[in-house]
**Q** 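Please see the structure below; I have some questions.
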Amino acid sequence: MPKLVFTDNMVNHLRIQLNKYKLISAIFHVLLFHNGPTIVEFRCSVGELHMESEFAQILSYLAGGNTVIEFIFISDKRSFKLPVSFFALQGLEVVHLENCTLEPPLTFNGVSSLTRMTFQSVEVSAQMLQRFISKCPLLQSFILIEVGKGIESVPAGGNNFTFVDLFQCVPLLVGFAITKHYMKYLCAGGMPHKLPASLVHLSYQFLNVCLVEQNEISSALCIIRSSPVLGRIVFLMDNNDKSPVQQTPANFLDPEGYPDLKLDHLEMLEIHNYSNLPLEMEFVKLIMAKSPELEEVRIRLNSKVSADEERKMLKDMLLIIVSP
């Protein structure tokens with residue numbers, strides 16, 4: 001059995017306590033009779049079962065004599081702190097965590113084989129995030145997304161861990177996705193014109209950006225400018241029409257102001273939650289003007305965009321396409 005999947009829907013939720021122990025017993029039974037030291041995939045979704053202490057025991061067993069290649073853990077309780085035994089798992093190549101707290105111990109030696117990592121609604125401080133990813137030298141795909149708050153708010157004294165620091169930890173990155181609070185935290189304080197070291201492998205980006213926040217658009221442009229082989233960019237526009245004060249100047253996105261922005265490999269541009277605001281249109285113009293090989297543009301409109309606004313947007317887009 002190369003793949004082991006244990007989920008809370010395997011038990012009767014009307015008798016949670018009794019069935020929780022049945023599930024725990026079943027997990028240990030399967031693990032004891034598992035043939036071979038390698039588990040290709042271990043997936044555990046505990047949901048409402050509150051198996052914190054029992055899950056720690058399961059991980060201790062796995063870390064004792066098994067190689068787990070893909071590890072997926074889903075909880076319904078963000079305060080659930082991953083046990084220390086998680087950081088002792090051997091052979092990890094893929095990690096997917098949802099709704100939990102990550103705090104690597106000082107003794108954490110890293111995961112030298114990890115190539116793909118997804119944090120969804122994971123509570124993690126900047127210090128802990130840096131401690132973890134700085135010891136994953138082969139990381140190629142990194143996804144930071146959340147439903148609610150994902151990372152601590154920016155401290156009064158400023159942010160000591162920015163995008164510059166993050167990308168220095170992951171030089172082999174091929175795919176990167178980030179949303180909302182993670183984005184706001186890591187771009188706090190602004191960004192340099194270009195990263196110290198180019199992201200020479202990064203071909204895919206998903207960025208959740210509020211264009212009226214100049215720190216965010218500056219960070220997005222810095223990341224793009226530092227990624228010479230980008231083939232696909234996906235933008236999720238965030239609250240561009242709700243910010244009380246527009247911090248980004250109207251002429252900030254003039255293509256003539258970006259002579260060194262070259263997207264020679266970009267073939268696909270995708271934008272979600274587009275509100276057809278002037279600043280958004282200027283942003284689209286900038287990206288398209290710098291992408292000579294662009295083949296496809298997909299725009300998903302905000303539900304509040306009227307039919308008349310949509311028609312006007314299409315006319316403006318056609319003008320961009322036909323202009324030299």
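These numbers come from the heavy atoms of this one structure, side chains and all, not from hydrogens, waters or symmetry mates.
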**Q** Stepwise, does the salt bridge (Lys or Arg N to Asp or Glu O under 4.0 Å) test hold for Arg232 with Glu270?
**A** CA-CA 8 Å; Arg232 182 185 178 193; Glu270 197 170 333; 2.9 Å; yes
**Q** Would you check if His265 and Glu293 make a side-chain contact, meaning some heavy-atom pair closer than 4.5 Å?
**A**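 The answer is no, as the side chains (C-beta and beyond) never meet within the 4.5 Å cut-off.
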**Q** Give me the ring orientation class for Phe132 and Phe87: parallel if the planes are under 30° apart, tilted from 30 to 60°, perpendicular past 60°.
**A**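 Ring orientation of Phe132 relative to Phe87: perpendicular.
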**Q** Apart from Leu172 itself, what residues make up its hydrophobic cluster when side-chain heavy atoms of I, L, V, M, F, W and Y under 4.5 Å apart count as a link, directly or indirectly?
**A**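 Answer for Leu172: Leu138.
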**Q** Working to the nearest 0.5 Å, report the span between CG of Leu186 and CG of Leu144.
**A**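 Nearest 0.5 Å value for the CG-CG distance: 7.0 Å.
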**Q** Who pairs with Lys194 by side-chain contact (heavy atoms from CB on, under 4.5 Å), at least two apart in sequence or on another chain?
**A**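 Result, side-chain contact (heavy atoms from CB on, under 4.5 Å) vs Lys194: Ser198, Arg225, Ser226.
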**Q** Is there a side chain to side chain contact (heavy atoms under 4.5 Å, CB included) between Val111 and Ser113 once you walk through the steps?
**A** CA-CA 6 Å; Val111 188; Ser113 55; 4.1 Å; yes
**Q** Measure across Val84 and Pro105 and return the closest heavy-atom pair with its distance rounded to 0.1 Å.
**A**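 Nearest pair, atom of Val84 first, then Pro105: CG1-CG, 4.2 Å.
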**Q** Please say which of Thr179, Ile178, Asn208, Asp238 ends up in a side chain to side chain contact (heavy atoms under 4.5 Å, CB included) with Lys184.
**A**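 Filter result, single survivor: Asp238.
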**Q** Can you list the residues that meet the side-chain contact (heavy atoms from CB on, under 4.5 Å) rule with His96, with sequence neighbours excluded?
**A**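 Here the qualifying residues are Ile72, Glu98, Thr118, Gln120.
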**Q** Please answer: with hydrophobic residues joined when any side-chain heavy atoms are less than 4.5 Å apart, are Val229 and Leu207 in the same cluster?
**A**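 Different clusters.
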**Q** Please, which pairs that meet salt bridge (charged side-chain N to carboxylate O under 4.0 Å, His left out) have at least one residue in residues 86-95, sequence neighbours excluded?
**A**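 Salt bridge (charged side-chain N to carboxylate O under 4.0 Å, His left out) check on residues 86-95 returns no pairs.
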**Q** Please write out which residues are connected to Leu236 in a hydrophobic cluster, directly or through intermediates, given that two of Ile, Leu, Val, Met, Phe, Trp, Tyr count as joined at side-chain heavy-atom separations below 4.5 angstrom.
**A**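 ILVMFWY cluster around Leu236 also holds Tyr204, Phe206, Val234.
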**Q** What residues, two or more places apart in sequence or in another chain, satisfy side-chain contact (heavy atoms from CB on, under 4.5 Å) together with Leu173?
**A**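 side-chain contact (heavy atoms from CB on, under 4.5 Å) list for Leu173, sorted by chain: Phe142, Phe167, Val170, Phe176, Leu202.
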**Q** So do the side chains of Leu139 and Thr115 get within less than 4.5 Å of each other, counting heavy atoms only?
**A**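 Not touching, per the 4.5 Å side-chain cut-off.
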**Q** How far apart are the C-alpha atoms of Leu263 and Leu269, what are their side-chain angles, what is the distance that settles it, and do they pass the side chain to side chain contact (heavy atoms under 4.5 Å, CB included) test?
**A** CA-CA 11 Å; Leu263 298 170; Leu269 172 64; over 6 Å; no
**Q** Is there a donor-acceptor pair closer than 3.5 Å between any side-chain N or O of Ser275 and the backbone N or O of Leu277?
**A**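 It does not hold such a pair.
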**Q** Counting distance only, does the side-chain N/O of Gln130 pair as donor-acceptor with the main-chain N or O of Ala126 below 3.5 Å?
**A**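 No, because the side chain of Gln130 does not come within donor-acceptor range (under 3.5 Å) of the backbone of Ala126.
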**Q** When you compare the side chain of Thr67 with that of Leu92, does any pair of heavy atoms fall below 4.5 Å?
**A**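 Side-chain contact under 4.5 Å: no.
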**Q** Side chain to side chain contact (heavy atoms under 4.5 Å, CB included) between Phe119 and Ile145: does it pass, once the steps are laid out?
**A** CA-CA 6 Å; Phe119 288 174; Ile145 57 178; over 6 Å; no
**Q** Measure from the side-chain N and O atoms of Glu70 to the backbone N and O of Val94, and report whether any donor-acceptor pair falls under 3.5 Å.
**A**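 Answer holds: no.
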**Q** Could I get the full list of side-chain contact (heavy atoms from CB on, under 4.5 Å) partners for Ser141, not counting sequence neighbours?
**A**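 By the side-chain contact (heavy atoms from CB on, under 4.5 Å) rule, Ser141 matches Arg116, Ile143.
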**Q** For residues Val122 and Phe161: do they belong to one hydrophobic cluster (side chain heavy atoms under 4.5 Å, members Ile, Leu, Val, Met, Phe, Trp, Tyr)?
**A**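 Val122 and Phe161: one cluster.
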**Q** Are Leu294 and Met288 close enough that some pair of their side-chain heavy atoms sits under 4.5 Å apart?
**A**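 SC-SC contact between Leu294 and Met288 confirmed.
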**Q** May I ask you to test the Met281-Asn276 pair for a side-chain heavy-atom distance under 4.5 Å?
**A**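 Touching, per the 4.5 Å side-chain cut-off.
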**Q** I'd like to know whether Asn215 forms a side-chain hydrogen bond (donor to acceptor under 3.5 Å, both in side chains) with Ser218, so could you lay out the CA-CA distance, the side-chain angles of the two residues, the decisive distance to 0.1 Å, and finally the verdict.
**A** CA-CA 5 Å; Asn215 278 347; Ser218 295; 5.7 Å; no
**Q** Is there a side chain to side chain contact (heavy atoms under 4.5 Å, CB included) between Ile224 and Gln205 once you walk through the steps?
**A** CA-CA 9 Å; Ile224 293 170; Gln205 291 179 8; 3.6 Å; yes
**Q** Decide, yes or no, whether a salt bridge links Glu41 with Arg43 under the criterion of side-chain N to carboxylate O below 4.0 Å.
**A**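 Salt bridge between Glu41 and Arg43, a charged N being under 4.0 Å from a carboxylate O: yes.
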**Q** For a 4.5 angstrom cut-off between non-hydrogen side-chain atoms, does Leu230 reach Ser203?
**A**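 No, side chains not in contact.
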**Q** What distance do Leu253 atom CG and Glu280 atom CD have between them, rounded to the nearest 0.5 Å?
**A**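 Nearest 0.5 Å value for the CG-CD distance: 11.0 Å.
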**Q** For Asn302 and His272: C-alpha separation, side-chain torsions, deciding distance, then whether side-chain hydrogen bond (donor to acceptor under 3.5 Å, both in side chains) applies.
**A** CA-CA 8 Å; Asn302 183 297; His272 297 256; over 6 Å; no
**Q** Tell me every residue that passes salt bridge (charged side-chain N to carboxylate O under 4.0 Å, His left out) with Glu103, counting only those two or more places apart in sequence or in another chain.
**A**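 Glu103 satisfies salt bridge (charged side-chain N to carboxylate O under 4.0 Å, His left out) with Lys81 once adjacent residues are dropped.
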**Q** Got a sec, which residues hit salt bridge (charged side-chain N to carboxylate O under 4.0 Å, His left out) with Lys262, two or more places apart in sequence or on another chain?
**A**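 So Lys262 forms no salt bridge (charged side-chain N to carboxylate O under 4.0 Å, His left out) with any residue.
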**Q** Test of understanding: with ring pair (Phe, Tyr, Trp, His ring centres under 6.0 Å), list the residues that count as partners of Tyr274, not counting sequence neighbours.
**A**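 With sequence neighbours excluded, Tyr274 shows a ring pair (Phe, Tyr, Trp, His ring centres under 6.0 Å) to no residue whatsoever.
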**Q** After noting the C-alpha distance and the side-chain angles of Lys285 and Glu282, does the key distance pass the salt bridge (Lys or Arg N to Asp or Glu O under 4.0 Å) rule?
**A** CA-CA 5 Å; Lys285 288 180 181 178; Glu282 293 303 311; 3.5 Å; yes
**Q** Kindly say whether Glu309 contributes a backbone atom to a donor-acceptor pair with the side chain of Ser306 at under 3.5 angstrom?
**A**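 Between the backbone of Glu309 and the side chain of Ser306 there is a qualifying donor-acceptor contact (under 3.5 Å).
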**Q** When you measure from the side chain of Glu295 to the backbone of Met268, do you find a donor-acceptor pair of N or O atoms at a distance under 3.5 Å?
**A**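 A pair under 3.5 Å: no.
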**Q** To the closest 0.5 Å, what do you measure between CG (Leu129) and CG (Leu166)?
**A**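 That separation rounds to 6.0 Å.
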**Q** Using the salt bridge (charged side-chain N to carboxylate O under 4.0 Å, His left out) criterion, which residues pair with Arg300? Sequence neighbours excluded.
**A**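 Arg300: no salt bridge (charged side-chain N to carboxylate O under 4.0 Å, His left out) contacts found.
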**Q** Do Ile69 and Met117 sit in the same hydrophobic cluster, where Ile, Leu, Val, Met, Phe, Trp and Tyr count as joined when their side-chain heavy atoms come under 4.5 Å apart?
**A**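 No.
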**Q** Quick one: pull up SG in Cys100 and CG in Leu97 and give me the separation to the nearest 0.5 Å.
**A**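 Here the rounded value is 4.5 Å.
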**Q** Inspect the contact between Glu296 and Arg298 and indicate whether a charged nitrogen and a carboxylate oxygen are less than 4.0 angstrom apart.
**A**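 A salt bridge links Arg298 with Glu296.
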**Q** Answer yes or no: is there a side-chain heavy-atom contact under 4.5 Å between Val124 and Thr101?
**A**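 SC-SC contact between Val124 and Thr101 ruled out.
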**Q** With a cut-off of 6.0 Å (strictly less than), are more than 12 heavy atoms of other residues, nucleotides or ligands near CG of Asp260?
**A**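 Yes, the 6.0 Å shell around CG holds more than 12 heavy atoms from other groups.
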**Q** Quick check for you: to the nearest 0.5 Å, what is the distance between Glu146 atom CD and Asn99 atom CG?
**A**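 One finds 11.0 Å between CD of Glu146 and CG of Asn99.
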**Q** Mind checking whether Phe86 and Phe73 have ring centres under 6.0 Å apart?
**A**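 Here the rings of Phe73 and Phe86 have centres that are no less than 6.0 Å from each other.
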**Q** Tell me, do Phe283 and Ile287 make a side-chain contact under 4.5 Å, heavy atoms counted?
**A**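 The answer is yes; the side chains approach within 4.5 Å.
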**Q** Out of curiosity, Leu199 CG to Leu195 CG, how far, rounded to the nearest 0.5 Å?
**A**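 Here the interatomic distance stands at 5.5 Å.
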**Q** Excluding sequence neighbours, so at least two apart, what forms salt bridge (charged side-chain N to carboxylate O under 4.0 Å, His left out) with Lys135?
**A**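 Checked Lys135 against salt bridge (charged side-chain N to carboxylate O under 4.0 Å, His left out); zero matches.
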